[in-house]
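Below: the structure, in structure tokens.
Letters go in sequence order (proteins before strands), and every chain restarts at 1.
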Protein chains: 2
Amino acid sequence: MRLSTKGRYAVRAMVDLALHAHEGPVSRAEIAGRQGISADYIAHLFHRLQRAKLIRGVRGRSGGYLLARDPAHIRIGEIVRAVEGPMALTDCTVPGQETVCPRASRCVTRALWLKTAQAVAETLDSVTLADLCRQATES
Amino acid sequence: MRLSTKGRYAVRAMVDLALHAHEGPVSRAEIAGRQGISADYIAHLFHRLQRAKLIRGVRGRSGGYLLARDPAHIRIGEIVRAVEGPMALTDCTVPGQETVCPRASRCVTRALWLKTAQAVAETLDSVTLADLCRQATES
DNA sequence: GAAAAATTGACAATTTCAGTCAAGTATTGT
DNA sequence: ACAATACTTGACTGAAATTGTCAATTTTTC
Ligand code: FES
Ligand code: FES
């Protein structure tokens, strides 16, 4: 039941990006340095975040990354889902994968896994990137 | 963010046990046969469930396992925690492990992971073994 | 045109998962 | 008594996921 480093790093990197992207793109090297995460690893995470349209990559010299949306409209759940895939506690509760368990229709536990994953999603979606940034600056 | 088979198997096995233990202990072989789970694997799961005082092992011929408590007082969360360890999305949110992250006191994401794990625990603890059994029989 | 930086894919070390196997202990039916 | 049954426990293994690293490529700017 652990979140992988992908999810944790991605959220931290996004907070860092939100706090420093006010003027121009932020490079991986800067974020990696501040957050103590490998720059090469961040590349993969940001690739996924970009596919999810949460950030935008700017190439070339003095390039880097920018948020694609206002931090107040980026929910933490979106970040986690982007790098970790759909939130589901079992394969058979992933949307579109209902047929993995042969007896899914009779399974008494399935509804519970579904409900639990929903609780996780709701919790993570109840917080925005702006919320975390505010918390980070007011310390 | 997946639950391992330990958690899923343990819950299924406990439901099976609750449904069949009315008269005498149930052996691993019976449960394994009905649920399609390896009997040897169940041994390990039940060992942990026993340490958590959720079931009781009865040795010798015609032995097996019995529930240690009334199904109405066994919460699914207890079963999952017994086989998967404490519910935490990160190592630094495991009770007693707060020092894993050097900057835990300043970390803005930690509170969110804590809150999320709590949501999972509450959801799983809101359902009892008796609830699942009722659902299984009324189909 | 050279340097900086993102893009992308291949690859490797480590850890976790899922399950097997076996040796040992306790109990019971006959 | 004793053989059969069944739990107990630890060691071990193959497969998969995790967590990165590295290099080649493309794009842009100074
Ligand atoms: S766990 Fe997949 S249907 Fe029951
Ligand atoms: S993730 Fe552990 S303290 Fe921030």
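- Of the listed nucleotides (D:dT9, C:dT28, D:dG20), D:dT9 has the atom at the smallest distance from the side chain of B:H47.
- Among the nucleotides C:dT20, C:dA6, D:dC30, the one closest to any side-chain atom of A:S62 is D:dC30.
- At whole-Å resolution of the value, CZ in B:R48 and P in D:dC7 are 19 Å apart.
- As rounded to whole Å, 14 Å separates atom C1' of C:dA6 from atom CG of A:L45.
- Set against C:dT27, D:dG20, C:dC17, the side chain of B:R61 has C:dT27 as its closest nucleotide.
- When distances are taken from the side chain of B:D40 to each of C:dC21, C:dA18, D:dC22, the shortest belongs to C:dC21.
- With distances taken from any side-chain atom of A:R28 to the nucleotides C:dT7, D:dT19, C:dA18, the minimum falls on C:dT7.
- Straight-line distance from the CG atom of A:L49 to the C1' atom of C:dT7: 14 Å, rounded to whole Å.
- The CZ atom of A:R59 sits 10 Å away from the P atom of C:dA6 (whole-angstrom rounding).
- Distance OH (A:Y41) to C1' (C:dC11): 15 Å, rounded to an integer number of Å.
- When distances run from any side-chain atom of A:S38 to the nucleotides D:dT8, D:dT21, C:dT27, the shortest one goes to D:dT21.
- Residues satisfying the side-chain contact (heavy atoms from CB on, under 4.5 Å) criterion with A:Q50, sequence neighbours excluded, are A:I55, A:Y65.
- Along DNA chain D, the nucleotide nearest to A:R8 and the one nearest to B:G57 differ in position, and the one closer to the 5' end is contacted by B:G57.
- Between the side chain of B:H44 and the base of C:dT20 there is at least one donor-acceptor pair of N/O atoms closer than 3.5 Å.
- Rounded to an integer number of Å, the gap from CZ of A:R56 to P of C:dT7 is 11 Å.
- Under a 3.5 Å cut-off, the side chain of B:R75 and the backbone N or O of B:V127 do not form any donor-acceptor pair.
- Between B:A88 and B:T93, the shortest heavy-atom contact is CB-OG1, 3.5 Å.
- Heavy atoms from other residues, nucleotides or ligands lying under 6.0 Å from CZ of B:R56 number 12 at most.
- The side chain of A:Q50 has C:dT7 as its nearest neighbour among C:dT7, C:dT27, D:dT19.
- Salt-bridge annotation for B:R81 and B:D125: present, with a side-chain N of the basic residue lying under 4.0 Å from a carboxylate O of the acidic one.
- The CG atom of B:L66 sits 11 Å away from the P atom of D:dC7 (whole-angstrom rounding).
- With rounding to whole Å, B:Y9 atom OH is found 8 Å from C:dA18 atom C1'.
- Within 4.0 Å of B:Y65, counting heavy atoms only, lie sugar-phosphate atoms of the nucleic acid but no base atom.
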